[in-house]
Amino acid sequence: MAEEHNEHQLPLEELMKIRRAKLEDLYKQGINPYGERFERTHLAREIIDHFDQLAETETRIAGRIMSFRTHGKASFADLADQSGRIQLYIRVDQVGEAKYEQFCKLDIGDVVAVYGRIFRTRRGEISVEVYDFLMMAKSLRPLPDKWYGLKDVEIRYRQRYLDLIVNPDVRKVFETRSRIIQALRGYLLERGFLEVETPMLNVIAGGATARPFVTYHNALDMDLYMRIAPELYLKRLLVGGFERVFEIGKNFRNEGISTKHNPEFTSVEIYQAYADASDMMKLTEELVAYIAQEVLGTTEVQFGDYTVNLAPPWPRLPMLEAVRQYAGVDLAGLSDAEARAAAREKGLEIDPDASYAQVLEELFDTYVEPNLIQPVFITDYPVEISPLAKRKKDNPQLTERFEPFVVTWEIGNGFSELNDPIDQLDRFRKQVEKRESGDEEAHMMDEDFIVALEYGMPPAGGLGIGIDRLVMLLTNSRSIRDVILFPHMRPKG
RNA sequence: GAGCCAUUAGCUCAGCUGGUAGAGCACCGGACUUUUAAUCCGGGUGUCCCGCGUUCGAAUCGCGGAUGGCUCACCA
C-alpha cells in the first residue's frame, strides 16, 4: 500500500520531498535553515538608487530568492526584499567549493541573508557579489510561475502572500492604500479632529440601514450585533463635548457580496460640531482632492476609460433635479400614487405600495447613477430614507443630506445631524414600524441615544466615506477584493 | 438569492466532430566563471474539480454537486 503510494507520487509531493531532503542536508551540515536576527545595511532599492556612492562597498542584504541563472563556476540569482529586487552574483573562487555548492542548492523561494560587495556587471546590472550567506528560511513549497505570476483569483485571495510575492502590482495597491489612510488621518489631525474608537460589539446596531451580523456573549448570555456604523457612538461624543471627532474602522453588514461590497469594510466617519451639510461637502471635496494630490501627485485620476478630475469645487445637484435632468421625470409636488404612475410611465416596475421616496430612489438608481462619472454631490434626500439627518428648513420632507458620487459609485454620505431628540424619537418609531413589517434593514430603536440627545447635542455636520471604494478609485481597481488584503471567501469545502 | 461562464501538471495555458493528455516555466541529471524570461543536452512528474449516467470507449456528451468569476437584486 505504502509502496504503491510512493510510485504514484503527486508532482507537488515530489517537489516538496526534494526540498525536505535539502532541509535535512542543511541540518546534517550543522546549518540552521530557519535563521535569526540579521542586521541589514541596505535594501535592494537603496543600492540601486545610490549605486554611485555605494559601488565597490560592502553590504548586508536579505530577502527571498526569486530566480536562478547558474553558469557552472559562477552563478546569478535575484533577491527580493520589501523594496524591490537586486541581482546576486557568486563565484566559486571567491567563496570556495562548499559554499558555492550550498548556494546552488538553494531553491526559489528560500529566504537568505547575504554579505557581499556592490558592483555592476559587464551587462550593466547593479548586483551584489556574494562573499557569504546565511539561511533565513528554507522554503518547502514551490512558488507560482516567475513569469506568468499567479492568476487564479481564488488562490490570490485565499493565499494572498503568494499574490504579494509574485505580483508586484498587488503590493503597490496595498502600499497606496496605506498612504491614502495616512493622508486622510494626517489631514484630519491637522485640522483639530480627535481620533477615537467606539465599540464594534453593539447591543443595538445603529447608524445605518443594513442587516447586521449577530453574535453571542457567553458571560452576559445575550446576543450582540457587529456594528454596521459608528455614527450613534460618535454623536454621543459630540454630546460629551468632543467637537471634532473621527473614527477609521471596520463596519460589518450581513448583505450580498459583490465587486463593490465586502461583508466587512472600512469607513471613516467625521463629525464637526456647529457645522452643517454644506461644510461637510467642502470638507469632502477638499479631503479627497488632498489625498489624491498627496498619494498620486495629481487630482486627475484615471479610472478604467474615465479621466476624473477631483479638484474642488464639485457641483451640487439636488436629487429631484437630478431625476428631472437624467430621467426626464419631474416628481416635485406629486403624491405617492402620482409618483408611482410617473415611474411606471418610464417603464419601471414599481411596487404597488411604494412610497414617493422609494420611487424617487428607484428612478435615481436607474437613470441618474450610471451617468455620474465626474465627482458630484447629490443633495436633498427625502426624510423617509434619512432617519438621522436634519430636515431642510424650507421643505421638511427633505433633509440636509448629500452623497458624493464618482465613476457612478456612491463613495460617502453626509448630512446636518439631527439633534432634536423628539424628532429623532419619532423617526426611530417610524423605522421600528418598518422593521416590524418585515424590513430587516430598518433602524432599531436606540433609547440610550435619544437620552443622549435629550441632554443636548450641538448642531453638527457628519460625513462618512467608504475607504475601500476611495482606494479602488485611486488605484484603478475594478473589484473591492483587489483593495482588501483578505477579502471574504467561502471556506474551502 | 437568480442567470451566464469557468475548473486539465507546482504555475500559466493548449487539447478538433467522444478514441484514453500536451507545451512553456518550475523541478531532476549533465555542460558552462559577468548572466538576466541565460543557453545547450536528457527526463513528464496528472484523481483532466467531485459524483452519477450515456457509450465498446468520456478531459470532451447529459444530470446533480463543490468552488470561483461576471451580471442582476440589496447596499457603502
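Atoms considered below: every heavy atom in the structure, side chains included; atoms not considered: hydrogens, waters and symmetry mates. Naming: A, B, ... by sequence-line order, numbering from 1 per chain.
The gap from the P atom of B:rG24 to that of B:rG3 amounts to 42 Å, rounded to the nearest Å. A gap of 23 Å separates the C1' atoms of B:rU45 and B:rC50, to the nearest Å.
Applying the Watson-Crick and G-U wobble criteria (two distances, each under 3.5 Å), B:rC56 pairs with B:rG19. Using N1 to N3 plus N6-O4 or O6-N4 for Watson-Crick, or N1-O2 and O6-N3 for G-U wobble, each under 3.5 Å, B:rG64 pairs with B:rC50. The nucleotide B:rC70 finds its pairing partner in B:rG3, both defining distances of the Watson-Crick or G-U wobble pair being shorter than 3.5 Å.
A:Ile465 comes within contact range of no nucleotide atom at all, as no heavy-atom separation falls under 4.0 Å. Within 4.0 Å of A:Asn262, counting heavy atoms only, lies at least one base atom of the nucleic acid. Within the nucleic acid shown, A:Asp93 comes within 4.0 Å of at least one base atom, counting heavy atoms only. Within the nucleic acid shown, A:Glu441 comes within 4.0 Å of sugar-phosphate atoms alone, with no base atom in reach, counting heavy atoms only. Note on A:Gly149: only backbone sugar-phosphate atoms sit closer than 4.0 angstrom, heavy atoms only; bases stay farther off. Using a 4.0 Å heavy-atom cutoff across all strands shown, A:Met489 reaches sugar-phosphate atoms only and no base atom.
A:Gln29 CD: more than 12 foreign heavy atoms inside a 6.0 Å radius.
Residues A:Tyr381 and A:Phe415 place their aromatic rings such that the two centres sit no closer than 6.0 Å.
Applying the side-chain hydrogen bond (donor to acceptor under 3.5 Å, both in side chains) rule to A:Glu417 yields the partners A:Lys235; only residues at least two apart in sequence or on another chain are considered.
Between A:Arg490 and B:rG68 there is a side-chain polar atom (N or O) within less than 4.0 angstrom of OP1 or OP2. Phosphate proximity of B:rC74 to A:Arg253: absent, as no side-chain N or O sits under 4.0 Å from OP1 or OP2.
No side-chain donor-acceptor contact under 3.5 Å links A:Ser83 and A:Glu46. Using modelled atom types and a 3.5 Å distance limit, the side chains of A:Asn251 and A:Ser267 yield a donor-acceptor pair.
You'll find that the side chain of A:Asp152 is closest to B:rU12, out of B:rU33, B:rU12, B:rC27.
Tested against A:Phe405 for a ring-ring contact (aromatic ring centres under 6.0 Å, His included), the candidates A:Trp314, A:Phe364, A:Tyr326, A:Phe377 yield a single pass: A:Phe364.
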Could you write out each protein N or O paired with an N or O of nucleotides 35-39 of chain B at a distance under 3.5 Å?
unit_1	atom_1	unit_2	atom_2	d
B:rU35	OP2	A:Arg123	NE	2.6
B:rU35	O2'	A:His71	NE2	3.1
B:rU35	O2	A:Arg69	NE	2.6
B:rU35	O2	A:Gln87	OE1	3.2
B:rU35	N3	A:Gln87	OE1	2.6
B:rU35	N3	A:Gln87	NE2	2.8
B:rU35	O4	A:Gln87	NE2	2.4
B:rU35	O4	A:Thr121	OG1	2.8
B:rU36	OP2	A:Arg123	NH1	2.8
B:rU36	O4'	A:Arg69	NE	3.3
B:rU36	O2	A:Gln87	OE1	3.4
B:rU36	O2	A:Glu125	OE1	3.0
B:rU36	N3	A:Glu125	OE1	2.7
B:rA37	N1	A:Trp147	NE1	3.0
B:rA38	OP1	A:Lys146	NZ	2.5
B:rA38	OP2	A:Arg69	NH1	3.1
B:rA38	N6	A:Thr70	O	2.8
B:rA38	N1	A:His71	ND1	3.4

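A distance of 10.5 Å separates CZ of A:Arg227 from CZ of A:Arg253, quoted to the nearest 0.5 Å.
Atom NZ of A:Lys22 is separated from atom C1' of B:rC27 by 9 Å (rounded to the nearest Å).
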